[in-house]
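Just so you know, ligand 1 is whichever comes first in the structure, and atom 1 is the first atom listed for that ligand.
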Amino acid sequence: MKWICSVSLAVSLAIQPAFAEDLFGPHALTPEARDAFVTQLLKKMTLDEKIGQLRLISVGPDNPKEAIREMIKHGQVGAIFNTVTRPDIRAMQDQVMQLSRLKIPLFFAYDVIHGQRTVFPIPLGLASSWDLDAVAQVGRISAYEAADDGLNMTWAPMVDVSREPRWGRVSEGFGEDTYLTAEMGRTLVKSMQGKSPADRYSVMTSVKHFALYGAVEGGRDYNTVDMSPQRMFQDYLPPYKASLDAGSGGVMVALNSINGVPATADSWLLKDLLRKQWKFKGITISDHGAIKELIKHGVASDPQDAVRIALKSGVDMSMSDEFYSKYLPGLVKSGAVSEQEIDDAARHVLNVKYDMGLFNDPYSHLGPKGSDPVDTNAESRLHRPEARDVARKSIVLLKNRLETLPLKKAGTIAVIGPLADSQRDIMGSWSAAGVIKQSVTLLQGIKNVAADKATILYAKGANVTDNKGIQDFLNIYEKAVTVDPRPPQQMLDEAVATAKKADVVVVAVGEAQGMAHEASSRSDITIPPSQLALLRALKATGKPLVIVLMNGRPLALVSEDQYADAMLETWFSGTEGGNAIADVLFGDYNPSGKLPVSFPRSVGQIPIYYNHLPTGRPYNFEKPNKYTSHYYDAANGPLYPFGYGLSYTRFTVSPVTLSANTLTRNGSINASVKVTNIGQRDGATVVQLYLHDQTASISRPVKELKGFKRIMLKAGESQTVTFPIDVNALKFWNQQMQQVAEPGKFDVMIGLDSVRTQNTEFSYQ
Ligand code: BGC
């Protein structure tokens, strides 16, 4: 990669001979060198130039390229987002180098959430793989493709723990569990940033949304969060902390309020916790429009007040800035904001630019002009085999009655459903620069895998929804859902006739891409009635029914579970989704995914999560008692629990053995089980370790995930899996908000999901 850097540096020098050599050149990428460099640079900057660094601008109708050119010329832009091709990015960086006084390079950011050109499964799907190597590969490829497009930063990972299936953004996170989410966040930060965010094919991450966005009341997007300090520190904050400890250079601030204070105005969160306690040195970025929204939150009286509060609370960069540039100069003049506060924020921005290597080479992620791809969307830029492999690993087998699956590549297969041949929906939300036409639908995947041996029939069967209001909502900005104008009954009749000709029916149902997204909260998490009617009609044919779910949140699937002979949760599986699902359907890949989130039976059960606290009156379904904690009008417990997922083979787990029955403060004990594949096929599974503090000074969850290991076993093979347990796994935040491990007895539970476990106990002294 060395030649690219030197050539591009030569290009930039040629553009601007007066290139300030005391500022630009090879700099050691160390914190000490950086601090000295930034201190010098700040001395050369005017107040307006420093404020310019705090502005993050998106090209769009409000900001055409010409307007941005003017801003860049006057040093009024710090970074750009939503520009994703090398020629466009290069043009803007050229403007800095040619027109601005100090030539401080811009950085370029984008929402690279589950891939850039190649789209991988949505994060909830990635979490279902429980495979950190696969997730690291997604991180590396996403960073490679993003950096190859000239980007320096991504607005990811989103590590908002959520127990709220109504929230559309549950799709962007890693589910309900703190430990699993922290592992996913850490892995993505490390893999995307690589050895250094300055490397040619790395990008800097920006962990979001700080903090607690996943706990919005009622799952209604942008709503309030109210939470005890214990729950905050125990359950919701650790994934952000883990991502920062892994080195994330950025933090995006959440849109919600926390205990009455909007995160954007929360100096405790952004200064005391993030900077002082956690020692964060990178940048904080407001979310879109969040500074202005302080007025609607009712904590700022007008835009100027909002700017003052945000800056003083610790928001460095203003996304889609309207007001920092307008009001900060006056606020400094009046003394309401000090120049030191502006310097601090500007320093953070310059720090990350330094860490991105932009002062060594502003074109480091662009290369020489002639090297730009001829076709940005070229097929050759994709990583299809890797996408197919990860997508297969993210699929969860929920049901398989009488071994309906795997299917034979023979006879006649009816592929039905509004999502069976939809290239857009399978990509999921935030599919970055992914090209819809490059995705493989389920129908295409089945044809690719089996068309030479089996007859494949197709019928759409229903629209995703017949609700005009929801159709309009989904199509509000673009034609995202194509509504088949035929009467619903005609579509059903066609599907039933198709099913009758087949030996087996594979039906793809669930949500359209836009149903699980930002601002897509639902009060009802069932499959829409048009699709349910289709399932009922297909069930009535008596043909074996395989339901392939595509969705971005846990759904309430009680009827579907009854109708299905087999059911696969495939989430939104990305560019290679159709091929990956076909691999699982036909047994070319033995499913191994496990749910990272509990599936409720109905919306009325929410919140439902496996690691809840005990009550004084726990419900026991074997001995039901009126005065216990339960719903009398529904079955209790989730339909599918956290950690659950079947395989085409069967595994047994031996009783747990401990290396010692007592754990001491500085010691460690090992908990081991022997896992055996007793079926006929090779397969992978995920061994999960849960702990429970039997008696403590405050109630502790009935169980908490503390370790997991994905293993591959050949038919008949066994493997001993060992989890080391030390005091860190026992710690919690007590009533005085001290993080402690209290002496006493702990249950150890090990299994292949969160319910069926082998149990033993040890003492901590
Ligand atoms: C979202 C962020 C996203 C940003 C930029 C906002 O609306 O909340 O998650 O990174 O837009 O696209």
Can you name the one residue among W167, Y240, Y213 that meets side chain to side chain donor-acceptor pair (under 3.5 Å) with D160?
-> Y240
Non-hydrogen atom of W430 closer than 4.0 Å to ligand 1 | yes
Using distance alone, with no hydrogens and no angle criterion, decide if [X] and [Y] have a side-chain donor and acceptor under 3.5 Å apart.
X	Y	answer
R140	H383	no
D316	Q53	no
T224	E217	no

Nearest heavy-atom neighbours spanning S128 and V396 = CB-CG2, 3.9 Å
Looking only at non-hydrogen atoms, find the nearest pair between I606 and I525 and report the distance.
-> CD1-CD1, 4.0 Å
Of the choices H288, K208, E518, M319, which has the non-hydrogen atom that lies closest to atom 1 (C) of ligand 1?
-> E518
Side chain or backbone of M158 under 4.0 Å from ligand 1, or both, or neither, by non-hydrogen atoms?
-> neither
Side chain, backbone, both or neither: which part of M252 comes within less than 4.0 Å of ligand 1 when only heavy atoms are counted?
-> side chain
Atoms of ligand 1, numbered as shown, that sit under 4.0 Å from any heavy atom of H209 | 2 (C), 8 (O), 9 (O)
Which of the atoms of ligand 1 are close to D287, meaning less than 4.0 Å from one of its heavy atoms?
-> 1 (C), 2 (C), 4 (C), 6 (C), 7 (O), 8 (O), 11 (O)
Can you find an N or O of D111 that's nearer than 3.5 Å to an N or O of ligand 1?
-> yes
